[in-house]
Amino acid sequence: MEMKLFFRKLAVVFGLILFVFVSVWLFYSWEVKNRVVLPQDVKVLILGDSHTQSGLDDRLIQQAVNFSSSGEHYVYVYEKLKHITEHNPQIQTVILAFSASNFIMERDKYWLFDDSNLKNKFGTYFPLFSTEGLKQYLKIIPYRQYATLIDGLLFYPLYSLEKSILVGESQYIGGYFENDHVMEWEEDYSWEEM
Amino acid sequence: MLFHTLDFAVFLPIVFSIYWFVFQRNLKAQNFLIVLASYFFYGWWDWRFLLLILLSTLVDFGVGLQLGKTKKQNQRKALLWLSILVNIGLLGFFKYFNFFVENFFQAFSFFNYPISPYTLDIILPVGISFYTFQTLSYTIDIYRHKLEPTRDFISFAAFVSFFPQLVAGPIERAANLLPQFHQSRVFSYDQATEGLRQLAWGLFKKMVIADNFGAFVNVIFAQSEDFSGSNLALGAIFFSFQIYADFSGYSDIALGTARLFGFQLSQNFAYPYFSRNIGEFWRRWHISLSTWFRDYLYIPLGGSRGNSGLQIRNIFLIFLVSGLWHGANWTFIFWGALHAFMFIPFLLTQINRKYLDTVAFGKKLPNLRELFSMVLTFSGITLAWIFFRASSISHAFDYLHNLFVVDFFQPLVFLTSNFEQLRLLHVAMACLGMLIVEWYGRNTAFALSKENLSTQKRWRYPVYVVVVILTLYLKGSKQEFIYFAF
């Protein structure tokens with residue numbers, strides 16, 4: 001009898017917690033999916049890692065939008081590309097990042113399997129994954145890192161919500177970024193020094 | 001296995017289910033399951049060191065039985081010494097061998113006899129300081145005729161290795177815990193829910209406050225020469241909260257888990273940062289260790305009887321041994337000595353036992369005098385923690401030098417990104433929340449207890465949900481429990 005009561009109350013608490021998380025996930029998914037619905041005049045989509053993120057300013061390229069993000073593994077680029085092109089049939093041109101770093105095995109592994117990257121990328125992009133894409137993704141991620149995926153799911157949607165309340169900005173899902181490294185490089189190799 | 005991992009989240013429900021559903025009416029099977037689960041829990045870290053627990057268990061069980069049989073004082077003394085030698089021997093070898101050897105040879109070098117020390121590559125077995133003290137208390141109590149030896153080996157093995165408190169306490173007395181293994185246990189709704197509340201509160205303290213502060217503390221202490229003033233002051237304050245949330249959080253998880261299995265462990269923390277002097281602090285911090293030293297070392301040495309000289313000697317000995325117990329490093333010994341220095345004036349003026357009640361009892365807020373005493377006590381404790389956390393004595397003094405000598409007000413340079421700033425904001429808010437909840441619950445066994453929440457019945461469920469969600473959302477990068485290293 002006492003055991004039954006215990007499990008019933010436990011279920012209520014877990015149910016409430018789940019309700020909060022599911023609500024936040026649904027809101028976040030809706031918000032992210034809305035953000036990638038592009039205006040009809042956008043014909044060029046730019047995706048990739050920091051190379052395109054900081055190299056191609058979509059304010060200067062006509063009818064283009066840049067959703068690149070640093071440290072982006074092509075698994076995520078692929079899922080974003082699939083989702084955005086499916087929901088934006090007006091896209092005519094896609095520019096993808098491609099560089100020597102794509103061939104460096106260690107870097108490739110790091111962008112995909114490092115815990116903080118895994119948590120950040122999955123927690124941010126899960127609304128954009130297709131069912132098939134998610135199945136494939138879960139196959140390549142080792143079981144022992146599933147806890148990290150769950151961490152990402154628990155953290156980023158709430159983080160996005162908090163950020164939008166505190167500073168009016170949602171979670172970053174890509175975009176042109178004036179990289180500090182470029183600025184530093186410009187300072188280091190300025191004409192005056194040369 | 002760590003309490004705040006997915007491994008434990010899987011392990012606990014499995015053991016709980018077998019314990020209550022399969023072996024519900026079979027006490028022996030329940031005890032046997034506890035032994036198996038405890039060995040599995042410990043072996044998850046390193047199975048080789050299970051042999052040490054087994055050795056300690058076998059020796060003390062045997063010594064206990066023999067002590068119960070023999071009346072001859074010489075034989076009883078010899079048996080007690082056997083137990084002490086085995087337990088302290090294990091502890092001495094694994095924890096202090098290299099420390100003593102290095103210091104012995106350094107002493108020779110001081111007299112111009114440079115000899116290179118022969119040290120061993122020894123792994124410190126997790127929890128050895130805790131379970132050796134626990135088993136020692138069993139044989140000492142039997143020797144003192146305060147306890148009857150048990151003839152039930154499984155119960156005794158379960159008492160030594162009980163997984164909730166095996167690796168970081170509370171250091172249980174046989175008189176409290178062992179009889180609980182002999183009594184049949186029936187599932188109690190009240191006890192189980194109280195256990196879950198305590199477990200949740202412990203996880204919140206550990207994962208949100210200790211782990212987040214820990215990340216900042218690691219940076220500040222590792223690069224303390226690059227920081228000054230306010231950064232270092234914050235580093236010390238953060239460590240004060242980190243170690244409190246870490247260890248009291250661990251104790252809450254341990255007590256809560258034990259309750260789920262029908263056991264009542266001793267309270268290990270009683271809101272120590274609300275203490276009004278250092279004497280009160282030591283009655284509220286790591287209570288199971290303080291009372292262990294009081295009963296098995298301080299009182300046999302004469303305690304507070306005798307002249308002032310003897311009293312000072314005893315206090316110094318207790319604090320130095322307590323410091324050494326924490327680790328084989330001069331920093332811990334120095335930390336112990338600092339506490340002795342802070343404690344002695346209160347002892348000599350006989351006000352060390354002035355505050356036996358709870359601060360501002362029956363009131364919502366403390367008065368100015370109480371607040372001032374608490375802040376002053378906390379400041380002293382925080383300064384002493386610098387020695388506890390520093391890697392060496394010279395590191396601690398450099399830290400203090402940079403803290404006080406260089407310009408105090410500096411920008412917070414340890415915050416390297418916006419994300420770090422947000423994290424600091426999170427943990428500061430969480431810490432404030434913890435202090436408020438603990439302040440309101442300071443008369444109860446733990447802050448989130450039913451007793452504390454009973455006046456706010458309608459808020460109970462929202463409180464549980466908020467605590468769990470905040471724990472999952474704000475948790476910092478996983479760090480080992482500080483006291484695992486002891």
Side-chain angles (χ1 to χ4, degrees), chain A residues 1-25 28 70-71 114-120 123-124 142-169 171-172 177 179-180, chain B residues 2 4-10 12-13 16-17 19-21 24 185-197 199-200 207-208 211-212 215 259-260 262 416-419 421-423 425-426 429 448 450 460-478:
Chain A
M1 199 60 191
E2 295 214 352
M3 187 69 91
K4 264 188 187 170
L5 183 65
F6 174 72
F7 279 108
R8 213 168 49 220
K9 293 275 174 89
L10 198 61
V12 171
V13 174
F14 276 112
L16 285 170
I17 292 164
L18 199 66
F19 173 76
V20 172
F21 273 112
V22 170
S23 308
V24 173
W25 289 332
Y28 177 70
S70 64
D114 171 70
D115 271 346
S116 67
N117 283 328
L118 204 59
K119 179 179 168 181
N120 174 290
T124 303
Y143 289 126
R144 63 189 159 74
Q145 285 189 293
Y146 278 19
T148 312
L149 297 182
I150 296 169
D151 265 5
L153 279 180
L154 297 176
F155 183 78
Y156 282 99
L158 269 169
Y159 176 60
S160 177
L161 194 67
E162 189 193 354
K163 242 170 85 172
S164 49
I165 293 167
L166 287 181
V167 289
E169 262 177 38
Q171 172 65 354
Y172 175 76
F177 183 71
N179 200 327
D180 283 351
Chain B
L2 297 172
H4 58 311
T5 56
L6 202 61
D7 304 333
F8 187 70
V10 173
L12 184 63
F16 179 86
S17 306
Y19 184 84
W20 288 118
F21 293 122
Q24 194 181 4
R185 295 177 288 273
V186 181
F187 181 83
S188 151
Y189 169 80
D190 284 336
Q191 205 178 10
T193 46
E194 195 74 340
L196 275 187
R197 271 190 284 268
L199 205 155
M207 292 166 76
V208 177
D211 285 355
N212 277 308
R259 277 183 211 269
L260 285 175
T416 50
S417 65
N418 291 342
F419 195 77
Q421 287 174 8
L422 183 69
R423 197 156 62 132
L425 180 73
H426 280 158
M429 298 297 284
L448 217 61
K450 194 178 178 182
R460 241 187 249 170
Y461 280 89
V463 166
Y464 305 152
V465 172
V466 167
V467 167
V468 174
I469 289 175
L470 286 182
T471 305
L472 293 170
Y473 176 48
L474 302 180
K475 68 188 167 70
S477 55
K478 212 170 284 165

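What you see is a predicted model; the values in this text were computed from it and never measured. In what follows, every heavy atom counts, from backbone to side chain, and hydrogens, waters and symmetry copies are set aside. Letters A, B, ... are given to chains in the order of the sequence lines, protein chains preceding strands, and every chain is numbered from 1.
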Practice problem: Please report the C-alpha distance between Y464(B) and V12(A) in whole Å, then the side-chain angles of each, then the deciding distance to 0.1 Å, and finally whether the side-chain contact (heavy atoms from CB on, under 4.5 Å) criterion is met. | Solution: CA-CA 11 Å; Y464(B) 305 152; V12(A) 171; over 6 Å; no
Exercise. Show your working on side-chain contact (heavy atoms from CB on, under 4.5 Å) between L472(B) and L158(A) and close with a plain yes or no.
Key: CA-CA 10 Å; L472(B) 293 170; L158(A) 269 169; over 6 Å; no
Practice problem: For the pair L154(A) and Y473(B), evaluate side-chain contact (heavy atoms from CB on, under 4.5 Å) and give the outcome as yes or no after the intermediate values. | Solution: CA-CA 6 Å; L154(A) 297 176; Y473(B) 176 48; over 6 Å; no
Practice problem: Apply the test side-chain contact (heavy atoms from CB on, under 4.5 Å) to residues L422(B) and L166(A): give CA-CA distance (whole Å), side-chain angles for both, the deciding distance (0.1 Å), then the verdict. | Solution: CA-CA 10 Å; L422(B) 183 69; L166(A) 287 181; 4.0 Å; yes
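Here the straight-line distance linking atom NZ of K9(A) with atom OH of Y461(B) works out to 4.0 Å at 0.5 Å rounding. From D7(B), atom CG reaches atom CZ of R144(A) across 12.5 Å, with rounding to the nearest 0.5 Å.
Residue contact with chain B, scored on non-hydrogen atoms closer than 4.5 Å, is absent for F14(A). Heavy atoms of T5(B) lying under 4.5 Å from chain A are absent altogether. Heavy atoms closer than 4.5 Å to chain B are found nowhere in I150(A), neither backbone nor side chain.
You'll find the side chain of D151(A) reaches within 4.5 Å of the side chain of K475(B), heavy atoms only. Two residues are said to be in side-chain contact when any heavy atoms from C-beta on lie closer than 4.5 Å; Q191(B) and F6(A) fail this criterion.
Of all the heavy atoms in V13(A) and V465(B), the pair that sits closest is O-CG2, 4.4 Å.
Highest contact tally toward chain A, considering only L474(B), L6(B), L196(B), is held by L196(B) [criterion: heavy-atom pairs under 4.5 Å].
In M429(B), the CE atom is not crowded: 12 or fewer heavy atoms of neighbouring residues, nucleotides or ligands sit closer than 6.0 Å. Annotation: Y172(A), atom OH; neighbour count of heavy atoms from other residues, nucleotides and ligands within 6.0 Å is above 12. The neighbour count for F21(B) CZ, taken as heavy atoms of other residues, nucleotides or ligands under 6.0 Å away, is above 12.
Using cut-offs of 30° and 60° for the angle between ring planes, the F16(B) and F7(A) rings count as perpendicular.
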